[in-house]
Chemist: 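The structure follows.
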Amino acid sequence: MKTKTFEDLIKEIHEKGICQECGGCVSFCSSAEYDVIGFKDAYKPPVYVNKDKCLECGICYCICPQTHILDAELNEMYNFSDYASMPIGNYEDIYSCQATDERFLEFGTDGGVVNTIIYFLIDEGIVDGAIVSKTEAPFSREATFADTKEDLLKASGAKLDITPQLNEIQKFSTYTHSIPELNHYKFKKLAVVGTPCQLYTIACMRDLGVTPSQNIEICLGLFCYENFFFEKSQIKKFEKDFNIKFKDILKINIKEDVIFTLKGGTTGERMIHVPFNHLQPYMRPACNACADFTNIYSDISFGGLGSPEKYTTVIPRTEKGKEIFKKVLNRGLIKSLELDKSRKEKMRDIITNFSLNKVKRRDEFMKKIES
Ligand SMILES: Cc1cc2nc3c(=O)[nH]c(=O)nc-3n(C[C@H](O)[C@H](O)[C@H](O)COP(=O)(O)OP(=O)(O)OC[C@H]3O[C@@H](n4cnc5c(N)ncnc54)[C@H](O)[C@@H]3O)c2cc1C
Ligand code: SF4
Ligand code: SF4
Ligand code: SF4
């Protein structure tokens with residue numbers, strides 16, 4: 001059978017409108033030094049730049065999160081069978097945790113657990129640093145390398161930075177281009193934080209032995225129901241729809257709905273809850289084609305859903321993930337809520353519902369575009 005290449009990615013992925021623009025194909029192209037493929041527009045799929053230099057090796061096709069060519073191998077590696085029998089992936093137990101360090105908790109998106117674990121890994125010399133994402137502006141984040149506590153706090157989810165240039169910026173996306181960042185840290189031992197699509201690409205790289213996947217010590221996976229994208233005109237619509245100003249958004253939390261913490265009110269802050277379906281016009285279109293909510297190919301998964309305010313839901317998955325989670329817990333760097341059986345079942349059920357809804361959304365969308 002002929003090896004599928006970037007030509008096939010264009011036909012099967014780009015032309016169907018399901019490219020995540022993750023940059024995996026561009027960053028890890030076997031002939032990258034010749035710029036065979038590249039991004040012409042940051043918010044559009046990559047294109048051929050020097051097609052004649054393509055080696056037709058098929059790496060780009062295999063690591064693309066939308067081709068699912070390696071699913072069978074990855075499922076074996078991560079002990080996953082299918083969403084019907086394992087809607088939230090392979091796991092033994094589920095926890096609701098919080099950082100005990102005041103600053104990680106204060107700056108954390110939920111319980112500040114992800115950054116606490118990264119800090120532990122750096123402190124213990126298990127990794128040199130982590131690829132994380134720092135806030136650039138409301139609904140806009142940028143991939144960055146963090147190797148100190150201050151770096152991690154800057155990359156935390158709390159106060160969103162309102163830049164004075166807000167009006168000059170035309171487009172915003174909550175999606176972070178973390179995968180290309182890996183290329184800059186080929187010789188460092190890394191932790192990577194990412195959404196399911198990003199960690200899927202890394203799992204494929206690990207499976208194929210693509211550099212620098214051998215230096216990635218641990219993948220910390222965030223739950224993700226969808227990401228958002230705004231053109232300038234949509235910002236105006238968003239402000240009108242929800243009667244809020246973009247510049248007043250201090251923080252975003254995601255649980256059963258999307259919770260915006262805004263400037264104002266008697267305490268200086270107020271919160272509004274927006275159901276996911278009201279945010280449909282702002283969703284990145286390619287997210288419709290994504291089925292993984294809980295990050296099944298991560299070492300440990302984290303989310304807001306299922307836990308109370310200022311707590312993070314934690315699902316350790318691989319042996320390495322379980323070992324690191326236990327160490328961080330035993331050192332007292334995070335604390336875990338004592339949850340009885342029925343409380344754990346409730347958490348599992350609510351996360352299962354979101355997972356199955358996401359699978360259904362993907363199936364209906366794929367049926368539509370393939371008919
Ligand atoms: C785009 C996105 C969508 C999400 N969707 C859901 C959801 O639908 N349901 C749900 O329950 N939880 C969702 N989460 C996860 C949730 O918002 C928290 O990130 C998670 O609970 C961890 O909280 P924490 O306080 O322990 O993390 P923290 O200790 O605050 O650490 C968070 C880490 O994530 C990194 N990070 C932030 N944004 C990104 C990004 N875009 N890409 C890569 N890394 C990033 C930060 O740099 C930081 O290192 C989503 C997160 C993101 C980024
Ligand atoms: S050289 Fe390989 S990875 Fe690069 S575009 Fe061609 S087929 Fe894809
Ligand atoms: S690897 Fe990423 S950028 Fe490349 S085609 Fe696939 S989704 Fe798009
Ligand atoms: S919904 Fe899927 S494709 Fe969209 S950002 Fe989240 S993990 Fe990636």
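In listed order, ligands and their atoms are each counted from 1. This one's a predicted model, so the numbers in the text were calculated from it and none came from an experiment.
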Chemist: Distance from Asn227 atom CG to Leu279 atom CG, nearest 0.5 Å?
Modeler: 12.0 Å
Chemist: Using a strict 4.0 Å threshold on nitrogen-to-oxygen distance, state whether Glu7 and Lys51 make a salt bridge.
Modeler: yes
Chemist: Test your reading of the model: is there a side-chain donor-acceptor pair from Asp257 to the backbone of Val274, 3.5 Å cut-off?
Modeler: no
Chemist: Please state which option from Cys62, Cys60, Gly58 has its nearest heavy atom closest to atom 8 (Fe) of ligand 2.
Modeler: Cys60
Chemist: List the closest protein heavy-atom neighbour of atom 2 (Fe) of ligand 2: residue, atom name, distance to the nearest 0.1 Å.
Modeler: Cys57 SG, 2.3 Å
Chemist: Using the ring centroid of each side chain, check whether Phe260 and His273 are separated by less than 6.0 Å.
Modeler: no
Chemist: Among Val258, Leu152, Leu222, whose heavy atom sits nearest atom 52 (C) of ligand 1?
Modeler: Leu222
Chemist: With a heavy-atom distance limit of 4.0 Å, tell me whether His14 approaches ligand 3 through its side chain, its backbone, both, or neither.
Modeler: side chain
Chemist: Need the ligand 3 atom indices (1-based, order shown) with element for anything under 4.0 Å from a heavy-atom of Gly23.
Modeler: 2 (Fe), 3 (S)
Chemist: Applying the 4.5 Å side-chain criterion to the ILVMFWY set and letting contacts propagate, would Leu70 and Ile202 be lumped into a single cluster?
Modeler: yes
Chemist: Does any N or O of ligand 1 fall below 3.5 Å from an N or O anywhere on Asn115, backbone included?
Modeler: yes
Chemist: Any N/O of Tyr225 closer than 3.5 Å to an N/O of ligand 1?
Modeler: yes
Chemist: Checking side-chain contact (heavy atoms from CB on, under 4.5 Å) against Lys149, which of Asp147, Leu153, Leu152, Asp151 comes through?
Modeler: Leu153
Chemist: Establish, yes or no, whether the cationic atom of Lys53 lies under 6.0 Å from the six-membered ring centre of Tyr48 and within 45° of the ring axis.
Modeler: no
Chemist: I need the atoms of ligand 1 closer than 4.0 Å to a non-hydrogen atom of Val193, numbered in the order shown.
Modeler: 34 (O), 35 (C), 43 (C), 44 (N)
Chemist: Can Phe293 be said to touch ligand 1, with heavy atoms closer than 4.0 Å?
Modeler: yes
Chemist: So that I can tick it off, tell me whether Arg317 and Glu92 are bridged by a salt bridge, with the cut-off set at under 4.0 angstrom between side-chain N and carboxylate O.
Modeler: no
Chemist: What is the nearest protein non-hydrogen atom to atom 6 (Fe) of ligand 2, stated with its residue, atom name and distance?
Modeler: Cys54 SG, 2.3 Å
Chemist: Using a plain distance cutoff, I'd like to know if Gly112 has any nitrogen or oxygen under 3.5 Å from a nitrogen or oxygen of ligand 1.
Modeler: yes
Chemist: Examine Cys29 and say whether one of its N/O/S atoms is closer to atom 4 (Fe) of ligand 2 than 2.8 Å.
Modeler: yes
Chemist: With a cutoff of 4.0 Å, is Pro45 in contact with ligand 3, counting heavy atoms of the residue only?
Modeler: no
Chemist: What protein heavy atom sits nearest atom 1 (S) of ligand 2, and how far off is it?
Modeler: Leu55 N, 3.3 Å
Chemist: Using the rule given for side chain to side chain donor-acceptor pair (under 3.5 Å), can you reason through Thr195 versus Gln198, listing the C-alpha separation, both sets of side-chain angles and the distance that settles it, and then say yes or no?
Modeler: CA-CA 5 Å; Thr195 50; Gln198 293 165 334; 3.0 Å; yes
Chemist: Can you tell whether the side chains of Glu73 and Arg206 come within less than 4.0 Å, N to carboxylate O?
Modeler: no
Chemist: Between Gly111, Cys97, Gly108, Ser133, which one has a non-hydrogen atom sitting closest to atom 45 (C) of ligand 1?
Modeler: Ser133
Chemist: Answer side chain, backbone, both or neither: which part of Leu305 comes under 4.0 Å from ligand 1, heavy atoms only.
Modeler: both
Chemist: If we count only N and O atoms by modelled type, under 3.5 Å, do the side chains of Thr352 and Asp349 hold a donor and an acceptor together?
Modeler: no
Chemist: Of all the atoms in ligand 2, which lie at a distance below 4.0 Å from a heavy atom belonging to Glu56?
Modeler: 6 (Fe), 7 (S)
Chemist: Is there a nitrogen or oxygen of Phe223 sitting under 3.5 Å from a nitrogen or oxygen of ligand 1?
Modeler: yes
Chemist: Please lay out, stage by stage, how Phe223 and Thr313 fare under the test side-chain contact (heavy atoms from CB on, under 4.5 Å).
Modeler: CA-CA 9 Å; Phe223 291 4; Thr313 298; 4.1 Å; yes
Chemist: List the closest protein heavy-atom neighbour of atom 7 (S) of ligand 3: residue, atom name, distance to the nearest 0.1 Å.
Modeler: Gln20 N, 3.3 Å
Chemist: Would you mind listing which atoms of ligand 1 come within a distance below 4.0 Å of any non-hydrogen atom of Asn227?
Modeler: 1 (C)
Chemist: Quick check for you: to the nearest 0.5 Å, what is the distance between Glu226 atom CD and Lys358 atom NZ?
Modeler: 8.5 Å
Chemist: Should one rank Thr294, Asp110, Val132, Thr312 by closest heavy-atom distance to atom 26 (O) of ligand 1, which comes out on top?
Modeler: Thr312
Chemist: Please could you name the atoms of ligand 2 that Ser30 approaches to less than 4.0 Å, counting only its heavy atoms?
Modeler: 3 (S), 4 (Fe)
Chemist: List every atom of ligand 3 that sits less than 4.0 Å from any heavy atom of Cys19, numbering the atoms from 1 in the order shown and giving each element.
Modeler: 3 (S), 5 (S), 7 (S), 8 (Fe)
Chemist: Check this for me - ligand 1, Phe276, N or O atoms closer than 3.5 angstrom, yes or no?
Modeler: no
Chemist: After noting the C-alpha distance and the side-chain angles of Phe228 and Tyr282, does the key distance pass the ring-ring contact (aromatic ring centres under 6.0 Å, His included) rule?
Modeler: CA-CA 5 Å; Phe228 305 107; Tyr282 313 101; 7.7 Å; no
Chemist: Would you tell me which option among Val114, Ile118, Asn253 has the nearest heavy-atom contact to atom 27 (O) of ligand 1?
Modeler: Val114
Chemist: What protein heavy atom sits nearest atom 4 (Fe) of ligand 3, and how far away is it?
Modeler: Cys25 SG, 2.3 Å
Chemist: Ignoring hydrogens, just give me the one of Leu105, Thr109, Val314, Ile252 whose non-hydrogen atom is nearest atom 17 (O) of ligand 1.
Modeler: Thr109
Chemist: Apply ring-ring contact (aromatic ring centres under 6.0 Å, His included) to residues Phe6 and Tyr61 and explain how you reach the verdict.
Modeler: CA-CA 6 Å; Phe6 191 70; Tyr61 190 87; over 10 Å; no
Chemist: Taking salt bridge (Lys or Arg N to Asp or Glu O under 4.0 Å) as the criterion, tell me which of Lys327, Lys326, Lys320 meets it with Glu323.
Modeler: Lys327
